[in-house]
J.: 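Have a look at this one.
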Amino acid sequence: MPVQSYKNHERWDPWYHFFLSPVMLLNVVYWGMRLVREPDLGVAWGFAVSCGLVVAVLKLRLNALRVQDRMIRLEEQTRVRRLLGSGDASWVDAVSVSQWIGLRFASDGEVVALARRALEEKM
């Protein structure tokens, strides 16, 4: 298994990043320009709908990323509890999602100490 790092975990989704997002943004620009040139209720509605589509596309992506972050938290909490064995794991739930995300590439030998340090020092 290759060493985990941010570089081999970042992912570009061509349909989202290179098609859907640009098309939605160009649509807003188009309707915005039309609204400035020919102020009309129909054109204003087209602009409003295009803005709504951009918001919907962004929310779809952000919600998927939020689920991914929660999965990382769950995986890391499970890993630390397994490494602690019968030791005191009461502090594990206090570590924030963003702290777990930062710790996900730590090795088994260092993750427990780093998680405690992140919690104590509010890193």
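Since the model is a prediction, treat every value here as computed from it, not as a measurement. In what follows, every heavy atom counts, from backbone to side chain, and hydrogens, waters and symmetry copies are set aside.
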J.: Side chains of Glu75 and Thr78: donor-acceptor distance under 3.5 Å anywhere?
T.: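 Short answer, no.
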
J.: If you take all heavy atoms of Val95 and Ala115, which pair is closest and at what distance?
T.: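 Smallest interatomic distance, heavy atoms only, reads CG2-O, 4.1 Å.
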
J.: For the CZ atom of Arg61 and the CG atom of Leu58, what is their distance to the nearest 0.5 Å?
T.: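 Going from the CZ atom of Arg61 to the CG atom of Leu58 covers 10.5 Å.
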
J.: Main chain of Ala118, side chain of Glu121: is a donor-acceptor contact present, judged purely on distance under 3.5 Å?
T.: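 No: the side chain of Glu121 does not pair with the backbone of Ala118.
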
J.: Might you confirm whether atom OH of Tyr16 has over 12 heavy atoms from other residues, nucleotides or ligands at distances under 6.0 Å?
T.: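 Correct, the count exceeds 12.
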
J.: If you look at every heavy atom in Leu103 and Glu76, which pair is closest and at what distance?
T.: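 Closest approach of Leu103 to Glu76, heavy atoms only: O-OE1, 4.0 Å.
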
J.: Side-chain atoms of residues 34-44: list all donor-acceptor pairs with protein atoms under 3.5 Å, sequence neighbours left out, distances to 0.1 Å.
T.:
{"residue": "Arg34", "atom": "NH1", "partner": "Tyr30", "partner atom": "OH", "Å": "3.3"}
{"residue": "Arg34", "atom": "NH2", "partner": "Glu38", "partner atom": "OE1", "Å": "3.4"}
{"residue": "Asp40", "atom": "OD2", "partner": "Gly42", "partner atom": "N", "Å": "3.0"}

J.: Treating Ile, Leu, Val, Met, Phe, Trp and Tyr as nodes and any side-chain heavy-atom pair under 4.5 angstrom as an edge, say whether Val80 and Leu74 lie in one connected cluster.
T.: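 As far as the 4.5 Å side-chain criterion goes, Leu74 and Val80 are not connected within one cluster.
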
J.: Rounded to the nearest 0.5 Å, how far does CZ of Phe105 lie from CD of Glu110?
T.: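 Spacing of CD (Glu110) from CZ (Phe105) equals 12.5 Å.
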
J.: Using every non-hydrogen atom in the two residues, find where Trp31 and Phe47 come nearest and quote the distance to one decimal.
T.: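 Smallest interatomic distance, heavy atoms only, reads CB-CA, 3.6 Å.
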
J.: Mind checking the OG-CG spacing from Ser50 to Leu26? Nearest 0.5 Å is all I need.
T.: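 Rounded to the nearest 0.5 Å, the OG-CG separation comes to 11.0 Å.
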
J.: Heavy atoms only: give me the nearest Leu114-Ala106 pair and the separation to one decimal.
T.: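 So the minimum-distance heavy-atom pair works out to CD1-CB, 3.9 Å.
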
J.: Find the distance between CG (Asp69) and CD1 (Ile101) and round it off to the nearest 0.5 Å.
T.: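 One gets 3.5 Å once the value is rounded to the nearest 0.5 Å.
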
J.: How close do Arg104 and Arg79 get, heavy atom to heavy atom, and via which atoms?
T.: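 Taking Arg104 first and Arg79 second, the nearest heavy atoms are O-NH2, 3.9 Å.
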
J.: Any idea how Trp12 and His17 line up, ring-wise: parallel (<30°), tilted (30 to 60°), or perpendicular (>60°)?
T.: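 Ring orientation, 0 to 90° scale: perpendicular.
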
J.: Which value, rounded to the nearest 0.5 Å, describes the distance between Leu20 atom CG and Leu53 atom CG?
T.: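 One gets 9.0 Å once the value is rounded to the nearest 0.5 Å.
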
J.: Please table the atom pairs, donor to acceptor, closer than 3.5 Å between any side-chain atom in residues 81-88 and protein atoms at least two apart or in another chain.
T.:
{"residue": "Arg81", "atom": "NH2", "partner": "Asp93", "partner atom": "OD1", "Å": "2.7"}
{"residue": "Arg81", "atom": "NH2", "partner": "Asp93", "partner atom": "OD2", "Å": "3.2"}
{"residue": "Asp88", "atom": "OD1", "partner": "Ser90", "partner atom": "N", "Å": "3.2"}
{"residue": "Asp88", "atom": "OD1", "partner": "Ser90", "partner atom": "OG", "Å": "2.8"}
{"residue": "Asp88", "atom": "OD2", "partner": "Ser90", "partner atom": "OG", "Å": "3.4"}

J.: Same cluster or not: are Val54 and Trp45 linked, directly or through other Ile, Leu, Val, Met, Phe, Trp or Tyr residues, by side-chain heavy atoms under 4.5 angstrom apart?
T.: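 They do share one cluster, since a chain of ILVMFWY contacts under 4.5 Å joins Val54 to Trp45.
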
J.: From Ser98 OG over to Met123 CE, what is the distance, rounded to the nearest 0.5 angstrom?
T.: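 Interatomic distance, Ser98 OG to Met123 CE, rounded to 0.5 Å: 12.0 Å.
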
J.: Linking I/L/V/M/F/W/Y whenever any side-chain heavy atoms sit under 4.5 Å apart, do Ile72 and Val111 land together?
T.: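 In one cluster: no.
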
J.: Is Phe19 reachable from Val57 through a run of I, L, V, M, F, W or Y residues, each pair having side-chain heavy atoms under 4.5 Å apart?
T.: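 Cluster IDs for Val57 and Phe19 match.
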
J.: When hydrophobic residues are tied together by side-chain contacts of less than 4.5 Å, even through go-betweens, does Met24 share a cluster with Trp15?
T.: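 Yes, one cluster joins them.
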
J.: Where do Trp91 and Val112 come nearest, in terms of heavy atoms and distance?
T.: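 Looking at all heavy atoms of both residues, the closest pair is CH2-O, 3.9 Å.
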
